[in-house]
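In this chain, residues are counted from 1 in sequence order. Only this structure's heavy atoms are used, side chains among them; waters, hydrogens and symmetry mates stay out.
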Amino acid sequence: MAQKEEAAAAAAAAAAAAPAAPAAPASQNGEDLEDLDDPEKLKELIELPPFEIVTGERLPVNFFKFQFRNVEYSSGRNKTFLCYVVEAQGKGGQVQASRGYLEDEHAAAHAEEAFFNTILPACDPAVRYNVTWYVSSSPCAACADRIVRTLGKTKNLRLLILVGRLFMWEEPDVQAALRRLKEAGCRLRIMKPQDFEYVWQNFVEQEEGESKAFEPWEDIQENFLYYEEKLADILK
């Protein structure tokens, strides 16, 4: 008990000495990231930066296997991983393509918003953009509204979003947001097993000199069908 009291006192002292941090947001799974009764959690929150967007070309294997798994209950999966392909076609017909991934960390902003802020902050009106996202979970209501606004003012941008699972799909505001995406011209669908394999081959780190085959998890097809039915019901 004495050790626990000392740890709690040390954490409280560190909290008092540290600059005031922004309030911790709810995770993308509706879980509260902040547990001030736990000294270790408190220390972790103090030490973590308030906001960071991680970018790269390929994500670690373990991140893919955990974050992209299309389970019904996504406990602990409180990040969004967004793999993107941007195809830009100019007047001459030449297409320039770029790809990479984003992950949000202690997210003051989510990966979807970060894409428009950092990867594609401005669109040349003389260029046609075809953008494809492979996302671990579907957008929250706020991110959906950002996407709708962007598509509304950028008529030369076409967006296809493929999601591993639906985020809080039972919530009325989330359902309404997904319908607004469809009305704005955004194509939204659930990732098939073949789509997970595509992400594995193109966005996941491979051992140097060899490429391991994608190994689908046991319930990947069943979960795809489950989410596909839910999305169809929401968008009809």
[X] side, atom [atom1]; [Y] side, atom [atom2] - distance, nearest 0.5 Å:
{"X": "I234", "Y": "K182", "atom1": "CD1", "atom2": "NZ", "value": "11.5 Å"}
{"X": "Q194", "Y": "F224", "atom1": "CD", "atom2": "CZ", "value": "8.0 Å"}
{"X": "L188", "Y": "L162", "atom1": "CG", "atom2": "CG", "value": "8.0 Å"}
{"X": "N62", "Y": "E205", "atom1": "CG", "atom2": "CD", "value": "8.5 Å"}
{"X": "D173", "Y": "R180", "atom1": "CG", "atom2": "CZ", "value": "8.0 Å"}
{"X": "D145", "Y": "E113", "atom1": "CG", "atom2": "CD", "value": "11.0 Å"}

Is [X] reaching over with its side chain to a backbone N or O of [Y], donor-acceptor style, under 3.5 angstrom?
{"X": "R189", "Y": "E228", "answer": "no"}
{"X": "E103", "Y": "T80", "answer": "no"}
{"X": "N156", "Y": "A126", "answer": "no"}
{"X": "Y129", "Y": "D124", "answer": "yes"}

**Item:** Partner residues of F63 under the ring pair (Phe, Tyr, Trp, His ring centres under 6.0 Å) criterion, sequence neighbours left out
**Value:**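 Partners of F63 by the ring pair (Phe, Tyr, Trp, His ring centres under 6.0 Å) criterion, ordered by chain and then number, come out as F81.
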
What's the shortest heavy-atom distance between [X] and [Y], and which atoms?
{"X": "K236", "Y": "D233", "result": "CG-O, 3.3 Å"}
{"X": "S138", "Y": "V163", "result": "CA-CG1, 3.6 Å"}
{"X": "Y227", "Y": "V71", "result": "OH-O, 2.7 Å"}
{"X": "K230", "Y": "L166", "result": "CB-CD1, 3.8 Å"}
{"X": "P193", "Y": "F214", "result": "O-CE2, 4.1 Å"}
{"X": "Y101", "Y": "P60", "result": "OH-CD, 4.2 Å"}

Beyond-backbone contact of [X] with [Y], side-chain heavy atoms, under 4.5 angstrom:
{"X": "M191", "Y": "N70", "result": "no"}
{"X": "L160", "Y": "V131", "result": "no"}
{"X": "W217", "Y": "F196", "result": "yes"}
{"X": "L120", "Y": "L157", "result": "yes"}

task = Considering only NZ, NE, NH1 and NH2 on the basic side and carboxylate oxygens on the acidic side, decide whether D219 and R69 come within less than 4.0 Å.
result =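 Looking at D219 and R69, the cut-off is met.
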
With side chain to side chain contact (heavy atoms under 4.5 Å, CB included) as the test, would you mind laying out the steps for Q221 and L225 before giving the verdict? CA-CA 6 Å; Q221 177 68 14; L225 294 173; 3.9 Å; yes

Is it the case that one hydrophobic cluster holds both V135 and L235, taking links as side-chain heavy atoms less than 4.5 Å apart, direct or via other members?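 The answer is yes; both residues are in one hydrophobic cluster.
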
- Message: Would you say F116 ends up clustered with V127 if hydrophobic residues are merged whenever their side chains have heavy atoms under 4.5 Å apart, either directly or through other cluster members?
- Response: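 As far as the 4.5 Å side-chain criterion goes, F116 and V127 are connected within one cluster.
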
Option from F203, W200, Y198 for which ring pair (Phe, Tyr, Trp, His ring centres under 6.0 Å) with F64 holds:
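Between F64 and the candidates, ring pair (Phe, Tyr, Trp, His ring centres under 6.0 Å) is satisfied uniquely by W200.
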
Go through it in stages, so that I can follow the logic: the residues are N223 and R165, the test is side chain to side chain contact (heavy atoms under 4.5 Å, CB included), and I'd like the CA-CA distance, side-chain angles, deciding distance and then a yes or no.
CA-CA 8 Å; N223 292 344; R165 57 186 182 274; over 6 Å; no

Practice task
Run the numbers on V85 and N130 for side chain to side chain contact (heavy atoms under 4.5 Å, CB included), then give the verdict.
Solution key: CA-CA 8 Å; V85 178; N130 288 315; over 6 Å; no

* Asked: Take atom CD in E171; do more than 12 heavy atoms of anything else shown fall under 6.0 Å from it?
  ->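 Atom CD in E171 is packed in, count exceeds 12.
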
Q. Just wondering, are more than 12 heavy atoms of other shown residues or ligands nearer than 6.0 Å to CZ in R158?
A.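 Counting neighbours around CZ of R158, 12 or fewer heavy atoms of other residues, nucleotides or ligands fall under 6.0 Å, so no.
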
- Message: Assess the residue pair L102 and T118 against the criterion (side chain to side chain contact (heavy atoms under 4.5 Å, CB included)); give the C-alpha distance rounded to whole Å, side-chain angles, the decisive distance to 0.1 Å, and a yes or no.
- Response: CA-CA 10 Å; L102 294 165; T118 62; 4.3 Å; yes

